[in-house]
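Side chains included, hydrogens not; waters and symmetry mates left out as well; all remaining heavy atoms used.
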Amino acid sequence: MSNLNTAFEHLIKDIYDSETRLLAAMPELRDAAQNPRLKQALELHITQTQEQIERVKQIAGNCGFEVTGEVCQATVGLVKEAQAHVGEFKGTPAGDAVIISAAQKNEHYEIANYGCAVTWAELLGKDDCVALLEKSLQEEEETDDILSSIAESEVNRAALGQSEANASFAGSTSTAMGS
């Protein structure tokens, strides 16, 4: 029978698959990052993701189902896209901007998942799950805020400076060649 309880179970399984895929992918982003604050934020989120996976397992256990059986196609695509873009820009100031962009896409997806799961858990009277889900939701929102702060205060300006330096160099080269 398809009902909200079944949908909740599928969502929790999807969240579990998403979190485990992201946990496997995050060290690559962290290692590619050049900005120390970005590296630190990604390292913190790796630790948080490990804790979030444990919470999801606890939720499934409380509800009497296993966390396996779902493949989060959205996360598969987000990870694949991140790996392609990070590989293209690795080692440049723009690389850190690309890492933040990829990480925030994942954060926004996770925020949507956890937000929906909180609402459904409340409706279903799964009070033992609500606090666990809210904790993970709060962590995802905080990570998104931290990434925004790093992007706005440091990384995007460094990437812009690289672009402007490249444009100035290209302009001076073409002028010199044109003389």
Side-chain angles (χ1 to χ4, degrees), residues 1-30 33 35-82 96-156:
M1 171 186 266
S2 294
N3 57 33
L4 188 59
N5 199 56
T6 303
F8 178 78
E9 181 178 327
H10 284 289
L11 180 58
I12 296 303
K13 290 178 178 183
D14 185 82
I15 289 171
Y16 175 79
D17 186 73
S18 177
E19 292 287 16
T20 56
R21 289 179 190 281
L22 292 172
L23 181 61
M26 277 190 279
E28 182 179 343
L29 296 179
R30 179 205 55 215
N35 180 285
R37 284 185 59 213
L38 177 56
K39 278 187 177 290
Q40 182 181 26
L42 292 169
E43 185 62 39
L44 172 62
H45 199 55
I46 288 169
T47 301
Q48 288 176 331
T49 301
Q50 292 166 334
E51 294 167 0
Q52 291 164 357
I53 288 169
E54 291 307 312
R55 281 186 215 117
V56 172
K57 288 179 184 177
Q58 184 178 350
I59 290 164
N62 292 350
C63 295
F65 62 85
E66 296 292 322
V67 289
T68 58
E70 293 286 328
V71 174
C72 182
Q73 294 298 330
T75 301
V76 169
L78 288 168
V79 167
K80 186 175 180 179
E81 180 182 319
D96 283 348
V98 168
I99 289 168
I100 290 173
S101 173
Q104 285 192 296
K105 287 178 186 181
N106 289 312
E107 293 310 310
H108 295 176
Y109 180 70
E110 291 176 305
I111 289 166
N113 271 343
Y114 281 114
C116 187
V118 167
T119 300
W120 288 358
E122 289 171 344
L123 287 169
L124 292 165
K126 296 181 183 292
D127 299 332
D128 55 340
C129 300
V130 172
L132 296 169
L133 292 164
E134 285 177 336
K135 174 82 171 138
S136 293
L137 176 59
Q138 180 184 11
E139 290 170 350
E140 301 297 0
E141 291 170 338
E142 288 170 357
T143 297
D144 184 52
D145 289 344
I146 290 167
L147 292 170
S148 289
S149 174
I150 295 168
E152 292 167 2
S153 66
E154 300 172 44
V155 168
N156 289 343

Atom of V67, atom of V56 and distance for their closest heavy-atom approach
CG1-O, 3.9 Å
Given side-chain hydrogen bond (donor to acceptor under 3.5 Å, both in side chains), test Q138 with E134 step by step and report yes or no.
CA-CA 6 Å; Q138 180 184 11; E134 285 177 336; over 6 Å; no
CD1-CD distance between I111 and Q104, expressed to the nearest 0.5 angstrom:
9.0 Å
Minimum heavy-atom separation for N35 to D96, with atom names?
N-OD2, 2.8 Å
All salt bridge (Lys or Arg N to Asp or Glu O under 4.0 Å) counterparts of K126, not counting sequence neighbours
none
Pairs meeting criterion salt bridge (charged side-chain N to carboxylate O under 4.0 Å, His left out) with involvement of residues 104-123, two or more places apart:
E81-K105
State, to 0.1 Å, how close A25 and V79 come at their nearest heavy-atom pair, and which atoms those are.
CB-CG1, 3.8 Å
Between T6 and N3, do the side chains contain a donor N or O and an acceptor N or O under 3.5 Å apart?
yes
If you measure only the distance, is there a donor-acceptor pair under 3.5 Å linking the side chains of E54 and Q50?
no
State, to 0.1 Å, how close A24 and P27 come at their nearest heavy-atom pair, and which atoms those are.
O-CD, 3.6 Å
Counting distance only, does the side-chain N/O of S101 pair as donor-acceptor with the main-chain N or O of A97 below 3.5 Å?
no
Pick one: which of E139, E140, E19 meets salt bridge (charged side-chain N to carboxylate O under 4.0 Å, His left out) with R55?
E139
Sort and list the pairs that fulfil salt bridge (charged side-chain N to carboxylate O under 4.0 Å, His left out) and have at least one residue in residues 9-18, not counting sequence neighbours.
E9-K13, D17-R21
